[in-house]
Amino acid sequence: MNARPRKDAAPARKRMSNKKYLSIWLPVLALVTALTIVANMALVIAGGWVASQLGSGTYTFTNSDESADWDTSYYESDFADMDEVDAAAKDLVEDIAAGGIVLAKNEDGALPLGSGSAVTLLGRAAADPVFGGSGSGSVDTNSAVDVRAGLENAGFSINAPVYDAISAYAEENKRGHIEMDLPMSSTYTIGEMQIDGYEAQSATFGDYDDAAIVVIGRPGGEGGDLAQDMLDIANPENVDPRAQEGEHQLELNQDEKATIALAKDSFDKVVVVVNASTTMELGSLQDDPEIDAILLAGSPGATGFNALGSILAGDVNPSGRTVDTWAADFTADPTWNNFGSFVYDNIEASYPVSATESATSNATVTSDAPFVNHAEGIYFGYRYYETAAAEGFIDYDDAVVYPFGYGLSYTDFAWEVAGTEAGAVDGTIAVTVDVTNTGDVAGRDVVELYYSAPYTAGGIEKSEVVLGGFAKTGVIEPGASESVTIELAVEDMASYDYLENAAYVLEAGDYEITVQTDSHTVAEGTEPFVYTVDSDVVYAGDDHRASDAAAVTNQFDDVSANFTTTGEAGKIPVFSRADFAGTFPTAPTAEQMVASDAIVEGFEAWDYDAAAAGFEGDKPTTGADSDLALIDLRGLAKDDPQWDELLDSLTVGEMTDVLLNGAYQTAPIGSIGKPQTLEPDGPAGFSSFINSSINGVAYPSEVLIAQTWDVELGNAMGTMLGNEALQKGINGWYAPAMNMHRSPFAGRNFEYYSEDPLLSGAMATSVANGVATKGVYVTVKHFALNEQETNRVNNGVATWATEQAIREVYLKPFEMAVKDVSMDVTYIADDEGTTAQATIGLGGVMSSFNRIGSTWAGGSEALLTDVLRTEWGFEGFVISDFNLYPYMNPNQGISAGTDLTLTFQPSKSFGDTTSAKAVTDIRNATHNILYTVANSNAMDGLAPGATVAYTPPTWVYIQIVSTVAVGLLVLGGVFMVVRRVRRHRASTSEKVDSDVLVNA
């Protein structure tokens, strides 16, 4: 009999079927599992970048019991803590500015102003000064002394209502700003307050009328150049609304002219302060009798405006000298027509689109092929203006406002050549000058030595004068004298002959040696000294210059081949002193806009397979057993056999993890006890995009540092940064920067010293030698010909110059650094802990974004191997500039001589890590890096035989715990699903059986 259900019973809820249950939970579990796997894989692949943000863990080094008492403090700080370093650094910054600010005009002794003067500040930069530039060379200036504070600290009273009006205007109306590599976002507004804003405060002028001080500012920045045409801007929305037809960014605009006119009408004394690290057109101000004084203050860093106040007050006597020629008309300069954006019409370069640079990838990205012609050759800056004047091509007084090396003082000096020594052609020339202060106040002077080489029309191009050396005196009291001696190696007067001898040549004839107050003015009361060379000296083969490690010969024929001395169609005419009028540089012609087959080939992607196939060496040993650690090789020569044993022990993976993860560091290698190193930017003091705690005291721009013409101050800056490095655990430094001020419109001029290579090299060397005393290696940059920012990452701008210009101008400061920078290395020499001393050379060089000819600079074997290592003897490592772009191929880099890739993994990887060539390149690159690191302060505290233990960073533990937790949850979920499915099946089966029984 069948049972009837009760009428009032609730209907049974039907349980979800297994099929539907699994359709929900299986995807959830699969998704969580997949996300966990992907997240872990991403952390592995992008571990370098993550570590840069969250930390890479710590390696704990423990010296053995036997070495516990050995002295392994290889470097000692001169200060107790970071606060002491900061205080001393700020004092030093003020000293640098005091020695570098140039007094360019001082009519009738208008300066110094009386103590306690009441002054009115005018000009936007008075309240919104330019402390430095933007980009990797920028510094933290939040606590920097501004113009007002600098003057008030010197005892001046400042017109507050006018200052406040300027400050409020500047806050509301931003100045133009270069956005790195984003021309569409960059703005070019001068941003001067309009005249009615000043006139509204004119009633206050009478209370602060001892002087009007007008501050004119111009910024700079990485990744963009200044505007040659204020109305021709990439993004029309960013054009300065006040710009006029025909204006460029480095002339006074209508509002600045109006402000200066108001100052002249309202004040008896007008002082103009130029707050810029590039030259400007100032001829109208220099010639204006109502402008009483002009000061060139550069970008003065944290406390430099204190020095400005001290100079205005007379507490400091200015002693700076210009580092560039201040021309009257920039449009008449030989670089004007060949600076900016030029792109070949017939090239669409293609590269693998994959970030890993896969050799087998078929996906490609195409880009333009930009170029720039250094058609002026050696003739830019004073090399042009002095030579053109000597040849009668220009009127010097009309063309030049301030010569190179120019500057005034509050006192007067008299010079007398006390002695000259002339060595043989393989020796030196020495000139001793007695400098006497004939004025009423103490001051410092700069003695500049120039040489004029014999020139033959149609022969090797030569400048009328070339800076051969310089010296800055100490403070000389009134009536007192000081003697300075300047030495010049005779071989340094040789010119590079790329057309005939493919070598440096010291041509026969009379070389005139002069002591000058600037590039144009022979010092009063002195006579030229003539050095005669009897016959040509060709520095070739074994008879190379004494300073070279090997013979110097043509390495850039492919670059020089783009020039012509005979008018060949499609080539760039060589700008020649023999015919300045007929060869004056013009903008690229239609024919020059079409690349030759050779140029097209240079833009093509580098071929891994072809390079590997052409290599004849054996694959090096990797992963061998060894007890050696990196500290064991400190102080040893680079070719010591123990280096081979150490390198044999490394695996390819260990080496590539270092070579491809070089952004602001070198990665650790636990197996050999190599610690991680820290390498921040930038030329005006340590700075970092990634870790703001690294940011230190803002030093003046390199322009203002160079304006001191004081290598002792440069050395002091380097030493101070070395002390800062010891406090912050810094081992390397992406500086100094030594490119040329080829054009005043180059956006990065604030990072570079000068238009002159010798001054640049001397200042950079002094800074590098200073920081080296604390075990910090530098990477001098940007090697080489990186003289403009436009198109710098648009496939790399192809840079064309004659080999003479390349060697005599653009490579010269780098050559000086390689030959003159050194680091003393203290190391443990035996099993008893005895210390010994060794010396290494320059630690690092940074290659550049641009191309030398059509070859990427970082992939140029001619530049990085033949010149840098073979000819000059460099033993350190080369790092690329930031490697984010397809044309910057890591395999091409290490093949040519770029060792370390400035990037985070996995942005770039090697397309070839298995061929004999690739492994050899990887090994050599690793050797170069390890050699520098082993001899740096990174090894401080370590003794041979030290052991190492690694502690992962916190984020790694979080990753592990999170992964385990998610894994357990997933397993729990799987268990839950399985159990539920089984129970559901069982319950379904029981119900079926029950129904069968009931219905039976």
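Since the model is a prediction, treat every value here as computed from it, not as a measurement.
Asp78 pairs in a side chain to side chain donor-acceptor pair (under 3.5 Å) with only one of the listed residues (Thr719, Asn723, Thr773), which is Asn723.
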Could you give me the CA-CA distance, side-chain angles and deciding distance for Asp940 and Arg634, then say whether salt bridge (Lys or Arg N to Asp or Glu O under 4.0 Å) is met? CA-CA 11 Å; Asp940 209 24; Arg634 180 178 174 86; over 6 Å; no
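For residues 622-660, the ring-ring contact (aromatic ring centres under 6.0 Å, His included) pairs, not counting sequence neighbours, are Trp643-His927. Listed by first and then second residue, the side-chain hydrogen bond (donor to acceptor under 3.5 Å, both in side chains) pairs that reach into residues 858-867 come to none, sequence neighbours excluded. Residue pairs meeting the ring-ring contact (aromatic ring centres under 6.0 Å, His included) criterion with at least one member in residues 812-835, sequence neighbours excluded, are Phe783-Phe814. The ring-ring contact (aromatic ring centres under 6.0 Å, His included) pairs that include a residue from residues 648-667 are Tyr664-Tyr734, where partners are two or more places apart or lie in different chains.
For Arg545, the salt bridge (Lys or Arg N to Asp or Glu O under 4.0 Å) criterion is met by Asp548, Glu815, not counting sequence neighbours. Considering only residues two or more places apart in sequence or on other chains, Glu875 meets the side-chain contact (heavy atoms from CB on, under 4.5 Å) condition with Lys638, Tyr931. Not counting sequence neighbours, the partners of Glu76 by the side-chain contact (heavy atoms from CB on, under 4.5 Å) test are Ser73. Taking the side-chain contact (heavy atoms from CB on, under 4.5 Å) definition, one finds that Asp140 meets it with Asn142, Asn695, sequence neighbours left out. Residues satisfying the side-chain contact (heavy atoms from CB on, under 4.5 Å) criterion with Asp830, sequence neighbours excluded, are Glu832, Thr834.
For the residue pair Glu491 / Ser547, a side-chain donor-acceptor distance below 3.5 Å is found, with atom types taken as modelled. Side-chain contact of Glu222 with Ser136: a donor-acceptor pair under 3.5 Å is present, judged by distance alone. Thr428 and Glu487 share no donor-acceptor pair across their side chains, judged by distance under 3.5 Å alone.
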Atom pairs and distances, donor-acceptor, side-chain atoms in residues 468-475, under 3.5 Å, two or more places apart:
{"unit_1": "Lys472", "atom_1": "NZ", "unit_2": "Gly99", "atom_2": "O", "d": "3.0"}
{"unit_1": "Lys472", "atom_1": "NZ", "unit_2": "Ser319", "atom_2": "O", "d": "3.2"}
{"unit_1": "Lys472", "atom_1": "NZ", "unit_2": "Ser319", "atom_2": "OG", "d": "2.9"}
{"unit_1": "Lys472", "atom_1": "NZ", "unit_2": "Thr708", "atom_2": "O", "d": "2.8"}
{"unit_1": "Thr473", "atom_1": "OG1", "unit_2": "Asp445", "atom_2": "N", "d": "3.0"}
{"unit_1": "Thr473", "atom_1": "OG1", "unit_2": "Asp445", "atom_2": "O", "d": "3.4"}

In residues 617-627, what donor-acceptor pairs under 3.5 Å come from side-chain atoms, sequence neighbours left out?
{"unit_1": "Lys619", "atom_1": "NZ", "unit_2": "Thr914", "atom_2": "O", "d": "2.6"}
{"unit_1": "Ser626", "atom_1": "OG", "unit_2": "Leu628", "atom_2": "N", "d": "3.1"}
{"unit_1": "Ser626", "atom_1": "OG", "unit_2": "Glu645", "atom_2": "OE2", "d": "3.0"}

Could you list the donor-acceptor pairs under 3.5 angstrom formed between side-chain atoms of residues 81-90 and any protein atom two or more places apart in sequence or on another chain?
{"unit_1": "Asp81", "atom_1": "OD1", "unit_2": "Asp83", "atom_2": "N", "d": "3.2"}
{"unit_1": "Asp81", "atom_1": "OD1", "unit_2": "Glu84", "atom_2": "N", "d": "3.0"}
{"unit_1": "Glu84", "atom_1": "OE1", "unit_2": "Ala80", "atom_2": "N", "d": "3.1"}

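Salt-bridge annotation for Arg869 and Asp899: present, with a side-chain N of the basic residue lying under 4.0 Å from a carboxylate O of the acidic one. Look at Lys812 and Asp756 and you find no salt bridge, because none of the NZ, NE, NH1 or NH2 atoms lies under 4.0 Å from a carboxylate O.
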